[in-house]
Amino acid sequence: MAAATRRSLLPFLSAGQMNMESVLWMCSRRPGWQAGFLLGGSRRRLSITVAPDGGADDQKCPLDAISVDEIEKIRDEYEQAKRNFLNIPAALKEMPKMNPKGIYVNRNVRLDDIEVYGFDYDYTLAHYSGNLHRLIYDLAKKHLVNELRYPESCLQFEYDPTFPIRGLCYDRLRGCLLKLDFFGSIEPDGCFFGRQKLSLEKIKEMYGTRHIGRAQARVLVGLMDFFCFSEVCLIADIIQHFMDANLEFDASNVYEDISQAIQHVHKSGLLHKEILSDPPKYLVKNSQVFGLLKKLKEKGKKLFLLTNSPYSFVDGGMSYMLEGNNDDRNSWRELFDVVIAKASKPNFYTSDHPFRCYDTVNDTLAFTAVDKFLPDQVYYHGCLKSFLQITKWKGPEVIYFGDHLFSDLRGPSKAGWRTAAIIHELESEIKIQNSDSYRSQQAKFHIIEELLRKLYATVVSSERGQAYRQMAHELNAERRHCRSTMRSMFNNFFGATFLTDTSQESAFAYHIHQYADIYTSSPENFLSCSLDSWLHVPYDIKIMPHHVKVTSSLLKMQ
């Protein structure tokens, strides 16, 4: 993948040109540079002169002696590293930190060319508390028991907010929840059957290899939005329950039943009714969102709302969020040029479904054709083709904000719209990555990996294998400890949303890179951004822009 290509950030520098801060930055960004600088180790090439008769030159060391010498040097570097680990937090304090509320760019965007701003509703304009996941979970499990005749013992299940993360995949054939990396390989510590983590040996037994090929990918279901948290937890709990009770089950049927239950919760209106009955429990007020919409409107931008939720639910939520902001509860519609509800995304982007006017008073749909959008009307259904024909808006001048990479953003990105992904967990994960405790473990991890690479490059004979094995054992134990410590800072089961345990980007990060021109934690982050800005991809990007950490002092050292 061209997007995955690692670009060199800086030319190779000697140890004398670098201070401790610079070295530690390199440790965190470029495995393969750090250990020799930090530990005082050398990168000398192993050179053996061969005599004309094929034997080693008498003046050179035998292979075994060289191997032992190399291993001893690596051990000396390791011991020095353990002493230097105590100084890492102090050296990290002056390193740059990424902005948790920043706007990150995958593809260049000129905001002065954007004339139309579109928004999804759920988890984009509206943000929900953790109570919503528990509500969906409870309503879905009741449907499984009452309507699909699942064991009544399932009613005892409780939602576990510490278990799921976004961006997992479910294998409908084998019943596993998988975390994949950027290249489609199974994360060794991110494969669960029920609540049981599978070993690497078991993963290879089931899949043959860690890499998921095209044929295997056909049975995977991506769990990409915030609503999937309840789904992930319910899948794991149901499968675990069946295993504990020694009940036979088909993994595909389990998914179909749970998916049906989740869809019922949404389509039946149960979820919307519960939320609107107690908005403070589920909805998070955010006056800055309305500040952004007003700013866009004052700048002469066109605004539209495109959501799968019904109008009554959107109206109730928007009205609640406007309370206390010196605004009329019903004034939110004045901010939008077009309001479209029950759009049936992602089918909206590919279907030929017509628009219909919705009567907000009588809760009815008109039968007449829609050939223009009126500011005081609400529209249902529709399709992208008709939307563009009616509005005459050109693709590149439209940007759409949404949280679901597949339902919200994949269609617009293919249609030529600019796309902005709203990834709420981005803010908390960047804060963790900025912490000294995380960066300290990250630096240790990369130092250990460099020492392991050196060790694997040594020449070791069978008689000298014990020193090699002992060194490898110690380094691998230290590496596992660093990985476990970093993982626990995010999620004890699946680790970080955007990273694997080896600090590589996850499959979720890949989809963000593929379908989102820009991404940020909340729409209101654009309040601090001029609407005439040119948003550029960082020249030194690795894959995800928020993982890049470059200081001006490093650039001056070139």
Look at the rings of F226 and H127 and say which category their plane angle falls in: under 30° parallel, 30 to 60° tilted, over 60° perpendicular.
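Plane angle over 60°, so perpendicular.
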How are the rings of F119 and F401 set relative to one another: parallel (under 30°), tilted (30 to 60°) or perpendicular (over 60°)?
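Rings of F119 and F401: parallel, as their planes differ by under 30°.
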Checking side-chain contact (heavy atoms from CB on, under 4.5 Å) for the pair V398/R418: CA distance, chi angles, key distance, verdict?
CA-CA 6 Å; V398 181; R418 310 315 298 265; over 6 Å; no
Residue [X] excluded, over 12 heavy atoms near [atom1] under 6.0 Å:
| X | atom1 | result |
| --- | --- | --- |
| K301 | NZ | yes |
| K342 | NZ | no |
| K267 | NZ | no |

Is any side-chain heavy atom of [X] less than 4.5 Å from a side-chain heavy atom of [Y]?
| X | Y | value |
| --- | --- | --- |
| V339 | V314 | no |
| I430 | N99 | no |
| R439 | Q433 | no |
| T360 | Y311 | yes |
| F493 | T162 | yes |
| S521 | H424 | no |
| F490 | I432 | yes |
| L223 | F229 | no |

Nearest 0.5 Å please: distance from the [atom1] atom of [X] over to the [atom2] atom of [Y].
| X | Y | atom1 | atom2 | answer |
| --- | --- | --- | --- | --- |
| S319 | L276 | OG | CG | 9.5 Å |
| L180 | I212 | CG | CD1 | 6.0 Å |
| D403 | L125 | CG | CG | 10.5 Å |
| L177 | C191 | CG | SG | 8.5 Å |
| N308 | H404 | CG | NE2 | 10.0 Å |
| R483 | D189 | CZ | CG | 5.5 Å |

Just checking, is any N or O donor in the side chain of [X] or [Y] under 3.5 Å from an acceptor N or O on the other one?
| X | Y | answer |
| --- | --- | --- |
| R134 | Y282 | no |
| T500 | E505 | no |
| Y515 | D408 | no |
| T520 | N525 | yes |
| S309 | D122 | yes |
| D315 | W332 | yes |

Flag the pair [X] and [Y] as a salt bridge only when some basic side-chain nitrogen lies within less than 4.0 angstrom of an acidic carboxylate oxygen.
| X | Y | value |
| --- | --- | --- |
| K294 | E298 | no |
| K179 | D501 | no |
| E427 | K101 | yes |

Give a yes or no answer on whether the side chain of [X] reaches the backbone of [Y] with a donor-acceptor pair at less than 3.5 Å.
| X | Y | value |
| --- | --- | --- |
| R356 | Y380 | no |
| D517 | T419 | yes |
| S344 | N347 | no |
| S533 | S530 | yes |

Checking ring-ring contact (aromatic ring centres under 6.0 Å, His included) between H511 and each of Y519, F498, F406, which is the one that passes?
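Passing option: F406.
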Could you tell me which non-hydrogen atom of [X] sits nearest to which non-hydrogen atom of [Y], and how far apart they are?
| X | Y | answer |
| --- | --- | --- |
| H211 | G184 | ND1-O, 3.7 Å |
| Y123 | I422 | O-CG2, 3.8 Å |
| L409 | A516 | CD1-CB, 4.4 Å |

For salt bridge (charged side-chain N to carboxylate O under 4.0 Å, His left out), just list the numbers for R110 and D532, CA-CA rounded to whole Å, side-chain angles, deciding distance to a tenth of an Å, and then say yes or no.
CA-CA 7 Å; R110 289 183 54 172; D532 296 325; over 6 Å; no
Would you mind telling me which of E231, E429, E425 makes a salt bridge (Lys or Arg N to Asp or Glu O under 4.0 Å) with R166?
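When E231, E429, E425 are each tested with R166, the salt bridge (Lys or Arg N to Asp or Glu O under 4.0 Å) holds only for E425.
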Stepwise ring-ring contact (aromatic ring centres under 6.0 Å, His included) test for F163 and F494
CA-CA 8 Å; F163 180 71; F494 294 100; 5.3 Å; yes
Salt bridge (charged side-chain N to carboxylate O under 4.0 Å, His left out) between D337 and K297, intermediate numbers included
CA-CA 10 Å; D337 297 272; K297 200 70 176 175; 2.9 Å; yes
Report the C-alpha distance between F227 and H266 in whole Å, list the side-chain angles of each, state the deciding distance to 0.1 Å, and finish with yes or no for ring-ring contact (aromatic ring centres under 6.0 Å, His included).
CA-CA 10 Å; F227 289 124; H266 287 277; 4.9 Å; yes
Centroid separation under 6.0 Å, is that true for the rings of Y438 and F445?
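No, they do not, as the ring centres are separated by 6.0 Å or more.
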Using the benzene-type ring in the case of Trp, are the ring centres of W417 and F304 under 6.0 Å apart?
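Yes, they do, as the ring centres are separated by less than 6.0 Å.
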Are K285 and Y320 in a cation-pi setup, meaning NZ or CZ lies under 6.0 angstrom from the ring centre and within 45 degrees of the ring axis?
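Because its charged atom sits under 6.0 Å from the ring centre and within 45° of the axis, K285 does stack over Y320.
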Trace of the ring-ring contact (aromatic ring centres under 6.0 Å, His included) decision for F355 with F373:
CA-CA 10 Å; F355 285 101; F373 292 133; 5.1 Å; yes
Just do the side-chain contact (heavy atoms from CB on, under 4.5 Å) check on Y379 and V370 with the steps written out, would you?
CA-CA 9 Å; Y379 301 92; V370 175; 3.8 Å; yes
Please lay out, stage by stage, how I275 and Y128 fare under the test side-chain contact (heavy atoms from CB on, under 4.5 Å).
CA-CA 10 Å; I275 293 173; Y128 299 93; 4.2 Å; yes
Hey, could you give me each pair passing salt bridge (charged side-chain N to carboxylate O under 4.0 Å, His left out) that has a residue in residues 369-386? Not counting sequence neighbours.
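Every candidate salt bridge (charged side-chain N to carboxylate O under 4.0 Å, His left out) pair involving residues 369-386 fails, so no pair, neighbours aside, qualifies.
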